Amino acid sequence: MTTQLSSPTANGPAPKPPGRSPRALWHLGVNAVVVAWLVLFAVVGGAHHFLPHAFWLLVHTLLLGAVTNAVVIWSGHFAASVLRLPEANRGAPAALRLLCLNAGAVAVIGGMYTDRWPVVLVGGSLVAAAVTAHAVWLVRLLRRALPGRFSMTVRYYVAAAALLPVGAALGVLMARGELGGDLPERLLLAHEMINLLGWVGLTVAGTLITLWPTMLRTRVADGAERAGRRALPVLLAGIGAAVAAALLGPPPLAAPGVVVHAAGLVIAGIPWVREARAKVPRSFAAWSVAAGSLWLAGSLLVLAGILLSTTSWITVGERTSLLTAPLAAGWIAQVLLGALSFLVPVVLGGGPTAVRAATAGLERAWPARLTVTNAALLLCVLPVPSVVRVVCSVLLLVMLLYFLVLLVLTVVRGIRNRRKGTAGPVPAPGPAPAEAPAPPHRVLGGVALGLAVVMLAVAGGGAADVRSLPILERSAATNADGGEVTPTGRTTTVEVTVRNMRFSPASVDVPAGDRLVIELHNTGTDTHDLVLETGARTDRIAPGKRATLDAGVVGRDLDGWCSVVGHRQMGMVFGVRVTGDGGSGTAAEGSEKGGESGESAHDHGGAASESTGESAADAFDPMAEPADGSTARDARLPPVAEGSGPQVHKRTLTVKEAETEVAPGVRQTLWTFDGTAPGPVLRGRVGDTFEITLVNDGTIGHSVDFHAGALAPDGPMRTIQPGESLTYRFEATRSGVWMYHCSTMPMSLHIANGMFGAVVIDPPGLPGVDREYLLVQSEFYLGEQNGTADADKVNAKEPDMVAFNGYANQYDHDPLTAGTGERVRIWVLTAGPNVPSAFHVVGGQFDTVFREGAYDLRPGNAERGGAQVLDLAPASGGFVELTLPEAGDYPFVTHIMSDAERGAHGILRVR
């Protein structure tokens with residue numbers, strides 16, 4: 001027999017007058033909160049490039065906002081239904097719990113965004129209090145009710161609600177910061193397991209005991225309640241063991257806890273499988289829940305493997321971040337949307353016809369939607385090009401928005417029909433009326449349509465990614481004279497390994513006429529590929545991965561290289577030497593010529609836009625005027641954060657490829673931190689802690705190295721691939737103006753193409769001044785217009801342009817300002833990558849010079865001395881102070897005058 005999901009109504013056949021019952025009005029109101037959080041989630045997903053902590057915000061708007069509200073609302077509804085106390089889950093106490101819950105969620109998110117831990121503490125406490133009150137209410141409900149067959153469901157809810165305050169406490173503790181070693185990763189995993197597997201997982205498992213057969217419109221399998229009773233202690237034991245090991249032991253000790261929890265799900269799920277075999281799922285609701293369950297099973301399997309394969313919690317933290325999308329979007333979101341699509345029509349009521357109409361509205365095109373969702377999500381977690389991953393993420397967002405639109409339209413239509421009195425009689429107690437299943441050909445057609453949409457998205461994304469475009473092909477089977485070589489019928493297979501930016505071996509010998517197959521194994525730390533001058537190439541392969549290149553029949557010597565920007569200039573070249581009559585010349589000669597294809601490494605940078613073929617260097621005119629209305633980058637140094645004692649600075653830096661004007665009429669596609677070169681300025685005091693999350697939204701691997709911190713570079717400075725992120729924590733123990741930059745090889749090219757910035761750590765007791773500026777000097781090695789930096793010029797140390805703060809001569813046209821007699825402090829950082837600086841203010845004298853952590857000169861020295869220049873090597877910095885007694889324009893330059901004439905020039909205007 002199926003479980004009653006709707007509350008009892010009046011006896012007898014007479015319908016109630018048109019209108020909305022109090023129960024329906026209550027559910028519409030409280031579920032509007034869930035929809036509001038889902039809308040906010042969609043907005044954040046669409047604007048994540050412009051939001052700090054966007055990944056954290058996405059996760060918490062979904063899980064803390066939408067899902068936690070849905071759990072409280074629907075667990076109350078189901079508890080009241082199975083205990084036959086249908087009116088118990090409404091009223092002022094329930095509303096107060098929801099108000100407290102949402103106030104807490106808003107406070108947690110607001111506190112994290114404003115970096116105010118007391119606000120996070122208050123918010124976390126409100127969330128914990130609301131859910132604790134919910135648990136107490138559930139226990140009281142159990143005591144009030146008569147013994148029932150499915151009261152076990154309510155015990156799942158009580159156990160889940162008891163776990164959430166523990167998970168909330170761990171989250172608040174992590175938000176406090178100042179955690180050393182691998183404790184942040186331990187706490188994070190414990191927090192996630194308690195909240196996801198406990199709070200959400202136990203609620204879902206308890207609900208499916210009755211909801212799953214109701215969705216299938218079949219009887220609850222014999223033994224389902226008994227299986228649920230046996231499974232609950234196993235599930236709790238698994239969570240407890242895994243969390244205890246996460247907090248106290250090495251990663252492998254947590255794996256058995258995950259396995260035990262999975263075993264509990266198997267025990268509870270055996271009846272669900274029997275029910276699905278008895279009545280095959282035929283609706284969006286059932287298939288969405290089933291797909292979500294598969295994502296959960298796969299995620300638990302991967303999590304156990306991660307825990308077993310490493311002894312480092314930091315490594316576990318890095319790897320488990322890949323499970324966020326499968327768990328949040330694959331499991332939780334699909335279960336939530338499936339449940340809503342089934343339950344909302346029941347809550348709307350209005351009679352069998354109205355329920356069927358509402359269900360049909362919510363399930364419109366469901367086979368295609370479900371296929372798009374799961375296929376796109378699968379591609380998002382696979383190692384695909386970043387553009388393809390972005391396109392698939394957009395598809396997921398569109399599917400969510402489409403569901404929300406259907407949900408709103410369905411609710412509005414239901415309310416309108418009830419007001420018109422066209423809804424029909426109120427349903428008698430019992431399950432929702434069955435709707436006609438979609439014909440098999442429509443289901444298959446929808447699946448095909450969904451796959452076609454995803455395939456088109458993948459094809460479009462691949463075409464938009466310049467890395468996937470083919471290069472000019474030329475047959476390898478011709479000999480040096482242009483004639484065809486006679487195939488031997490043999491195949492020569494060689495293994496080539498990438499080691500430390502080199503191919504090993506760097507060349508191979510192949511008999512003329514043999515077919516050549518190259519097995520490429522990337523044992524390096526960055527993404528690489530192998531391209532032959534014929535056009536044959538491998539895909540970009542991540543560290544630890546393999547690829548096969550079939551060069552075909554070979555009749556002449558061939559050149560090869562890695563096409564990742566700059567790697568060829570660093571020596572990643574490869575040669576095929578033909579032995580016998582077909583060979584001619586040497587691979588080394590071909591390397592010098594750059595290969596038959598005419599391509600150079602900087603043509604394969606994965607830039608966001610295509611170059612024009614015109615030289616940007618030819619367009620550079622040091623005397624050119626910027627366009628009207630152009631403003632220079634604000635050189636004012638941000639003030640140090642207020643507050644006593646050490647501060648914690650949290651910041652997300654997103655790698656972006658940005659087409660940028662770097663001089664009038666000169667455009668380059670830069671690799672940047674947060675869209676600007678230099679990147680954002682960070683400022684603090686000695687003793688402050690910086691927690692930087694690096695997100696790679698570029699198309700090639702990148703990293704970050706903060707000179708302001710002292711720690712082993714192996715982990716925090718590693719290269720991350722497109723779509724990945726890492727968190728870099730360091731304490732500022734020494735003062736100075738410190739450089740940060742991408743440390744991915746070739747480092748010189750990554751810096752030259754815009755990946756650098758400054759961290760200013762004030763010396764203790766730094767006095768106040770009237771004006772404070774920061775100038776970051778760097779040089780440009782201009783490639784083609786809208787292209788990336790010319791790697792050959794970088795290697796030759798031949799810059800076309802030198803600039804302060806990323807734009808040549810910008811402060812000539814939009815000067816820095818000061819008042820007569822004001823004290824001015826100018827911080828200078830030389831980012832390089834190759835050129836030093838000799839900073840000088842024409843007409844001024846420095847009475848204070850602070851260079852690389854120490855004062856060279858301070859006012860009141862016995863010699864009555866001054867300074868005329870702050871000389872800095874690449875990657876060094878300091879500041880100077882001066883007072884200008886007369887009004888006028890004071891040029892500032894690097895006194896390496898040829899560089900000043902290339903753009904490192906500006907004006908300090910004194911009034």
Side-chain angles (χ1 to χ4, degrees), residues 37 55-72 75 97 100-109 111-112 117 119-136 138 156-177 179 183-206 232 235-248 254 257-258 260-261 264-265 296 299-300 303 307 313 316-317 320-321 323-324 327-328 331-332 335-336:
W37 280 105
F55 183 77
W56 183 93
L57 184 59
L58 277 170
V59 170
H60 285 77
T61 51
L62 176 64
L63 300 183
L64 178 59
V67 173
T68 297
N69 272 280
V71 166
V72 170
S75 64
R97 290 193 294 269
C100 182
L101 171 64
N102 284 278
V106 171
V108 168
I109 292 174
M112 288 294 294
W117 182 76
V119 178
V120 178
L121 175 61
V122 171
S125 300
L126 287 173
V127 171
V131 176
T132 300
H134 180 66
V136 171
L138 290 171
Y156 273 79
Y157 298 158
V158 172
L163 287 174
L164 181 68
V166 181
L170 294 178
V172 171
L173 181 60
M174 285 188 295
R176 182 71 178 90
L179 303 172
L183 187 56
E185 286 74 20
R186 290 174 178 268
L187 290 176
L188 178 61
L189 185 63
H191 170 75
E192 291 173 339
M193 288 193 293
I194 290 173
N195 288 345
L196 295 180
L197 303 183
W199 168 237
V200 179
L202 292 180
T203 302
V204 170
L232 181 57
L235 293 167
L236 289 171
I239 294 173
V243 169
L247 296 176
L248 303 174
V258 175
V260 169
H261 184 80
L265 290 175
L296 172 62
S299 299
L300 290 176
L303 176 59
L307 293 169
W313 281 110
V316 169
T320 52
S321 64
L323 295 177
T324 302
L327 286 171
W331 170 43
I332 296 176
V335 169
L336 174 62

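Positions are given from 1 along the sequence. The figures here come from the full heavy-atom set of this structure, side chains too, leaving out hydrogens, waters and symmetry mates. Everything numeric here is computed off the predicted structure, so don't read it as measured data.
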Asks: Work out which heavy atom in Ser299 is nearest to a heavy atom in Leu327; give both atom names and the distance.
Replies: CB-CD2, 3.5 Å
Asks: Find the distance between CG (Leu247) and CG (Leu187) and round it off to the nearest 0.5 Å.
Replies: 6.5 Å
Asks: Looking only at heavy atoms, which two atoms of Val72 and Leu101 are closest? And how far apart?
Replies: CG2-CD2, 4.0 Å
Asks: Search all heavy atoms of Leu189 against all heavy atoms of Ala246 and return the closest pair with its distance.
Replies: CD2-CB, 4.3 Å
Asks: What is the minimum heavy-atom distance between Val243 and Ala190, and which atoms define it?
Replies: CG1-CB, 4.0 Å
Asks: Under the side chain to side chain contact (heavy atoms under 4.5 Å, CB included) rule, what do Trp313 and Leu307 come out as? Steps first, then yes or no, please.
Replies: CA-CA 9 Å; Trp313 281 110; Leu307 293 169; 4.0 Å; yes
Asks: I need the Leu64 CG to Asn195 CG distance, nearest 0.5 Å.
Replies: 8.5 Å
Asks: Before giving the answer on side chain to side chain contact (heavy atoms under 4.5 Å, CB included), spell out for Leu265 and Leu300 the whole-Å C-alpha distance, their side-chain angles and the decisive distance to 0.1 Å.
Replies: CA-CA 11 Å; Leu265 290 175; Leu300 290 176; 3.7 Å; yes
Asks: Please list every donor-acceptor pair under 3.5 Å in which a side-chain atom of residues 199-206 meets a protein atom from a residue at least two apart or in another chain.
Replies:
residue	atom	partner	partner atom	Å
Trp199	NE1	Thr68	OG1	3.4
Thr203	OG1	Trp199	O	2.7

Asks: I'd like to know whether Leu303 forms a side chain to side chain contact (heavy atoms under 4.5 Å, CB included) with Leu323, so could you lay out the CA-CA distance, the side-chain angles of the two residues, the decisive distance to 0.1 Å, and finally the verdict.
Replies: CA-CA 8 Å; Leu303 176 59; Leu323 295 177; 3.9 Å; yes
Asks: Of the non-hydrogen atoms in Ala175 and Trp117, which two are nearest, and what is the gap between them?
Replies: C-CD1, 3.4 Å
Asks: Any non-hydrogen side-chain atom of Leu188 less than 4.5 Å from a side-chain atom of Met174?
Replies: yes
Asks: Can you measure from CG (Leu296) to CG (Leu197) and round to the nearest 0.5 angstrom?
Replies: 7.0 Å
Asks: So which atom in Asn102 and which in Trp37 form the shortest heavy-atom distance, rounded to 0.1 Å?
Replies: OD1-NE1, 2.8 Å
Asks: Is any side-chain heavy atom of Leu63 less than 4.5 Å from a side-chain heavy atom of Leu196?
Replies: yes
Asks: Less than 4.5 Å apart, any side-chain heavy atom of Leu62 and any of Leu58?
Replies: no
Asks: Who passes side-chain hydrogen bond (donor to acceptor under 3.5 Å, both in side chains) against Ser75, sequence neighbours left out?
Replies: His134
Asks: Nearest 0.5 Å, please: how far is NE2 in His261 from CE in Met193?
Replies: 10.0 Å
Asks: Rounded at 0.5 Å granularity, tell me how far CD1 in Ile239 sits from CD1 in Ile194.
Replies: 8.0 Å
Asks: Rounded at 0.5 Å granularity, tell me how far CG in Leu121 sits from CG in Leu126.
Replies: 9.5 Å
Asks: Go through the structure and list residues passing ring pair (Phe, Tyr, Trp, His ring centres under 6.0 Å) with His191, not counting sequence neighbours.
Replies: none
